[in-house]
Trainee: 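This is the structure, below, for whatever I ask next.
Lettering of chains follows the sequences in order, A, B, ..., and the numbering in each one begins at 1. It should be emphasised that the depicted structure is a prediction, and the values quoted were computed from it without experimental measurement.
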Number of protein chains: 2
Amino acid sequence: MMYEKYVDLLKEKSIKITPQRLEILRYLDKNRNHPTAYQIYTDLKENNPSLSKTTVYNSLEILNKYDIINTISITGLETRYDIKNIIHHHFMCKKCGRIIDIDIECPNIRKTLEQGHKIEEVHGYFKGRCRECIEKEIDQYGS
Amino acid sequence: MMYEKYVDLLKEKSIKITPQRLEILRYLDKNRNHPTAYQIYTDLKENNPSLSKTTVYNSLEILNKYDIINTISITGLETRYDIKNIIHHHFMCKKCGRIIDIDIECPNIRKTLEQGHKIEEVHGYFKGRCRECIEKEIDQYGS
DNA sequence: ATACTAAATTGTAATGATTATAATTTAGGT
DNA sequence: ACCTAAATTATAATCATTACAATTTAGTAT
Ligand SMILES: [Mn+2]
Ligand SMILES: [Mn+2]
Ligand SMILES: [Zn+2]
Ligand SMILES: [Zn+2]
């Protein structure tokens, strides 16, 4: 019952069901903070000591290939992962590093299609200073 | 006269003018195909044998910091660079690897600002199959 | 023009994310 | 219960980027 949801997701796509894939899927479902492969690996390793980093990478690759998760390359440093939900953009705070969901679609797709290209992925990334960090600065140094 | 334009750009920002920085700037001005640091390095190295890879990275970093160039993290693998011109998005073809300019701004910025965040960078990335690659496939296998 | 100095350049080594490889284990079908 | 292709694992390799320390240089002051 705890993993049923994820079993179904994998069954739909006829991907082989393994405990590792289920754990990773559940992790991404519970942790919507766009973790790195390494974060997923170390967190899950606590309760699954035999888990291998390679398996995390392999699993993320196949889950992405079958459109169950998304990749985010906003930092330029490492790939972040997001379980697929409604389409949205991302905002990265350059101060605290958080990656925040911005619930908008991209209305610009038309222009790309007009030129004859076929769009399979849309990534909208903003970078700057988040509200919390701005407010903290005001508290500290005055408006 | 050949480098005057780039000398002025650096002077404006009070960045120290060095032959290496001028070469890199000129390269990015002439090569609008979003090259990697390594591509810039190897191409410039031919006529500037003493050029160091570290210098390319350092120069790109400072040029980016002073808003003379942009970084593009569309591949997720390595950073691409673009001399700053009008705001635009990028389309990457998963077949041929080209990164193509899409001349649109992002009309979604409002939503991010509404939430109190301060936007300093906007990155719009599309991925898919470019027109040329699609046409080639049709030629080969029929529509 | 010369001398000075902080900053830039250079070559090399280190880091860190990701991928390749090969041996072992396992999921799912017969 | 067995078989086999696929998945997992540990380890090593790769590749982009950064750190470091010695050398050179741009820009300024003398
Ligand atoms: Mn998200
Ligand atoms: Mn561009
Ligand atoms: Zn923040
Ligand atoms: Zn193409």
Trainee: May I ask you to say what B:T79 touches in the nucleic acid, namely base, sugar-phosphate or nothing, with a heavy-atom cut-off under 4.0 Å?
Mentor: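 Sugar-phosphate contact only.
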Trainee: Rounding to an integer number of Å, can you tell me how far B:I40 CD1 sits from D:dA16 P?
Mentor: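 Going from B:I40 (CD1) to D:dA16 (P), I get 13 Å.
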Trainee: Strictly below 4.0 Å, heavy-atom distances to any atom of DNA chain C: list the hits from residues 55-72 of chain A, or just say none.
Mentor: A:Y57
Trainee: Tell me if the CD atom of A:E121 is crowded by more than 12 foreign heavy atoms within 6.0 Å.
Mentor: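 Atom CD in A:E121 is crowded, with more than 12 foreign heavy atoms closer than 6.0 Å.
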Trainee: Are the side chains of B:Y6 and B:I17 in touch, meaning some heavy atoms are under 4.5 Å apart?
Mentor: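 The answer is no, as the side chains (C-beta and beyond) never meet within the 4.5 Å cut-off.
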Trainee: Give the residues of residues 16-27 of chain B touching DNA chain C, defined as any heavy atom closer than 4.0 Å, sorted by residue number.
Mentor: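 Only B:K16, B:T18, B:Q20, B:R21 qualify.
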Trainee: Counting only heavy atoms not in B:K45 (residues, nucleotides, ligands), do more than 12 fall under 6.0 Å from its NZ?
Mentor: yes
Trainee: How far apart are the closest heavy atoms of B:Y27 and B:L44, and which atoms are they?
Mentor: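 Scanning both residues completely, I find the closest heavy atoms to be CD1-CD2, 3.9 Å.
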Trainee: Around B:K65, counting heavy atoms of other residues, nucleotides and ligands shown, do more than 12 lie under 6.0 Å from its NZ?
Mentor: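 Incorrect, the count does not exceed 12.
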Trainee: Should the pair B:R32-B:D101 be classified as a salt bridge under the 4.0 Å nitrogen-to-oxygen rule?
Mentor: no
Trainee: Specify the residue among B:L77 and B:P49 whose closest nucleotide of DNA chain C lies further upstream toward the 5′ end.
Mentor: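 Taking each residue's closest nucleotide, the earlier one in sequence belongs to B:P49.
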Trainee: Regarding A:E78 and A:R80, does a basic nitrogen lie under 4.0 Å from an acidic carboxylate oxygen?
Mentor: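 So A:E78 pairs with A:R80 through a salt bridge.
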Trainee: Within the structure shown, what part of the strands sits under 4.0 Å from B:S50 by heavy-atom distance: base, sugar-phosphate, or nothing?
Mentor: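 Counting heavy atoms under 4.0 Å across all strands, the contact made by B:S50 is with sugar-phosphate only.
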Trainee: Could you tell me the separation between the CG atom of B:L51 and the C1' atom of C:dA8, rounded to a whole number of Å?
Mentor: 12 Å
Trainee: Taking all atoms of both residues into account, what is the closest heavy-atom pair of A:H117 and B:C130, and its distance?
Mentor: ND1-CA, 3.3 Å
Trainee: Which comes earlier along DNA chain D counting from the 5' end, the contact point of B:T54 or that of B:E78, where each point is its nearest nucleotide?
Mentor: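 Of the two residues, B:E78 wins.
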Trainee: When the distance from NZ of B:K11 to P of D:dA26 is rounded to whole Å, what number comes out?
Mentor: 14 Å
Trainee: Look up atom NZ in B:K127 and atom CD in A:E120, then write down how far apart they are to the nearest 0.5 Å.
Mentor: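 Going from NZ on B:K127 over to CD on A:E120, the span is 10.5 Å.
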Trainee: I need the CG-C1' distance between B:N48 and C:dT10, as an integer number of Å.
Mentor: 14 Å
Trainee: Let me spell it out: for each of B:G76 and B:K53, pick the nucleotide of DNA chain C with the closest heavy atom. Which residue's pick is nearer the 5' end?
Mentor: B:K53
